[in-house]
Amino acid sequence: MQACGTTTSLVKLPQSSPLLPSFVFTKLQSSNTEGDFPTVLTHKGVSVTLENNSVWKQFHSCTTEMILTKQGRRMFPYCRYRLSGLEPTRMYSLFLSIVPVDQYKYRWSNSKWEPSGVAEHYNQGLFRAFSHHYSPSQGSALMTSLVSFYKLKLTNNMNDQEGHIILHSMHRYIPRLHVIPVVDGEISLPDKLAFMGPECLTFIFPQTEFMAVTTYQNFRITQLKINHNPFAKGFREEGSCSRLNRIITEVRHVAKAGDPIPDVKSEPNIPLVYRKRWSFTSETSLPVKQISLEVCFIY
DNA sequence: TCTCACACCTTTGAAGTGG
DNA sequence: CCACTTCAAAGGTGTGAGA
């Protein structure tokens, strides 16, 4: 595949349809459906397969969360596609945009996500899209290798100049893949809006929807990230439920006699939220660990 | 809710070595 | 020259404390 100079180009999308356009699902023919989620989407003869569908499904079952940081944080899982049905000799540009799913802002309450007001992005005029680092490339090249957007970073910095995707924390988003045939002799420049024209093919996999956060809210998402992301391997521990067992052990050590401590081994589905804080007593200056338990769904 | 420093990890590429 | 190994730097993680 031929690498091009435009590695992490930035595109501004018109706000013609800020929310998830319903026509996308109805127009697309889906096949190879696993559960309720399509693994392959076909539109105008072009097929796109979500390669890491099984991972996305695992995360989606817990409501996927993606961390936003000021300097930009990569997505995990990231969007990885396989394309087919392209014209082998034609040039195509690939973009990934991330758009709001609805008009709500959310909060994590009682171990579930619930709307807490009107979305901030509702008044935002433009959305950014991320150009794939091999874009544009010949159709033949795009079909012989996987198309991964692992370089894409998410940020909550509204003044970001690095080309990261700017999102609002505690809002729901979904990635959209845009496949745009390049007009003969004309390279699609990132500052052109023409790629949203009739030849632009847009693919949306509902299982890639996620909640943007600055700190993980759902313990199960944290555990999935640690288990699947190689960069988080340092937080893995041996044995099943080891992370939760360590927490329970810690709670047992600190809890007073008579406090109800859940038995994680006899009740593997026990709901649990764990919070801890360190403080210092004035008399001894020794650290005192303060731990509280909330019974709600976690494990 | 957000930011930051931190330890721990993977990835990457340069330098060194041997056939 | 090529293949392989070693090593250090760069960068990606979640954690936990503090604002």
Side-chain angles (χ1 to χ4, degrees), chain A residues 3 7-8 52 55 58-59 62-80 104-121 130 133-134 146 148-160 162-173 210-239 241-251 253-254 272-282 285-294 296 298-299:
Chain A
T7 53
T8 57
N52 47 354
V55 179
Q58 282 187 58
F59 278 82
C62 308
T63 306
T64 310
E65 296 173 25
M66 296 292 178
I67 291 284
L68 308 179
T69 64
K70 199 173 179 179
Q71 66 273 28
R73 178 72 68 124
R74 287 187 178 184
M75 290 174 67
F76 190 90
Y78 52 83
C79 294
R80 196 169 76 208
Y104 299 113
K105 182 177 185 177
Y106 288 80
R107 67 178 172 189
W108 178 252
S109 177
N110 295 323
S111 296
K112 65 177 186 293
W113 289 102
E114 57 184 35
S116 71
V118 179
E120 293 179 33
H121 55 233
F130 186 87
H133 48 280
Y134 286 146
L146 293 177
S148 297
F149 285 88
Y150 63 89
K151 290 189 176 183
L152 184 153
K153 286 186 176 181
L154 308 177
T155 183
N156 56 353
N157 180 11
M158 293 299 141
N159 301 315
D160 174 75
E162 303 298 318
H164 305 326
I165 299 285
I166 302 173
L167 303 178
H168 288 287
S169 180
M170 314 304 275
H171 289 63
R172 285 170 75 197
Y173 293 95
F210 64 86
M211 196 71 69
V213 297
T214 55
T215 304
Y216 290 125
Q217 307 294 318
N218 187 347
F219 181 92
R220 293 200 293 173
I221 288 296
T222 311
Q223 198 61 56
L224 278 172
K225 298 256 183 179
I226 290 170
N227 289 343
H228 288 86
N229 192 337
F231 285 105
K233 195 175 180 180
F235 300 98
R236 293 179 196 169
E237 298 173 49
E238 293 181 4
C241 310
S242 58
R243 180 183 171 83
L244 189 55
N245 275 320
R246 181 174 54 81
I247 291 170
I248 294 294
T249 303
E250 200 168 3
V251 169
H253 184 71
V254 173
L272 190 67
V273 161
Y274 170 75
R275 302 183 195 285
K276 74 175 182 183
R277 284 287 183 272
W278 287 91
S279 63
F280 294 84
T281 63
S282 56
S285 295
L286 295 174
V288 176
K289 190 178 286 186
Q290 299 176 336
I291 291 183
S292 64
L293 275 177
E294 279 178 41
C296 39
I298 266 294
Y299 182 69

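The chains referred to below are lettered A, B, ... by the order of the sequence lines, with proteins before strands, and numbering in each begins at 1. Values reported hereafter were calculated over all heavy atoms of this structure, with side chains retained and with hydrogens, waters and symmetry mates removed.
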Roughly, in whole Å, what's the span from [atom1] in [X] to [atom2] in [N]?
| X | N | atom1 | atom2 | value |
| --- | --- | --- | --- | --- |
| Tyr78(A) | dT13(C) | OH | P | 10 Å |
| Gln223(A) | dT13(C) | CD | C1' | 14 Å |
| Arg74(A) | dC9(B) | CZ | C1' | 14 Å |
| Met211(A) | dT1(B) | CE | P | 11 Å |
| Leu68(A) | dG12(C) | CG | C1' | 16 Å |
| Asn157(A) | dT3(B) | CG | C1' | 12 Å |
| Ile226(A) | dG12(C) | CD1 | P | 18 Å |
| His228(A) | dG12(C) | NE2 | C1' | 18 Å |

Legend entry - Side chain to side chain, Met75(A) and Leu154(A), heavy atoms closer than 4.5 Å: yes
Inset, instruction - Kindly indicate whether the side chain of Met211(A), heavy atoms from C-beta on, has any atom under 4.5 Å from the side chain of Thr64(A). - result: no
Inset, instruction - Indicate whether any N or O donor in one side chain lies under 3.5 Å from an N or O acceptor in the other, for Tyr106(A) and Arg172(A). - result: yes
Short side-chain N/O contact to [N] OP1/OP2 from [X], under 4.0 Å:
| X | N | value |
| --- | --- | --- |
| Arg73(A) | dG14(C) | yes |
| Lys233(A) | dG12(C) | no |
| Thr215(A) | dT3(B) | no |
| Asn156(A) | dT1(B) | no |

Inset, instruction - Pick base, sugar-phosphate or nothing for Thr69(A), based on heavy-atom distances below 4.0 Å to the nucleic acid. - result: nothing
Legend entry - Candidate list Tyr104(A), Trp108(A), Phe210(A), test ring pair (Phe, Tyr, Trp, His ring centres under 6.0 Å), partner Trp113(A), passing option: Trp108(A)
Of all the choices, [options], which nucleotide is nearest to the side chain of [X] once you look at every atom?
| X | options | value |
| --- | --- | --- |
| Pro230(A) | dT1(B), dT10(B), dC2(B) | dT10(B) |
| Lys153(A) | dG12(C), dT1(B), dT13(C) | dG12(C) |
| Phe231(A) | dT10(B), dG14(C), dC4(B) | dT10(B) |

Legend entry - Pairwise 5' ranking along DNA chain B for Tyr106(A) and Lys70(A), keeping only the more 5' one: Tyr106(A)
Legend entry - Contact nearer the 5' end of DNA chain B, comparing Tyr150(A) with Ser169(A): Ser169(A)
Inset, instruction - State plainly whether the residues Glu114(A) and Arg107(A) are in salt-bridge range, i.e. N to O under 4.0 Å. - result: yes
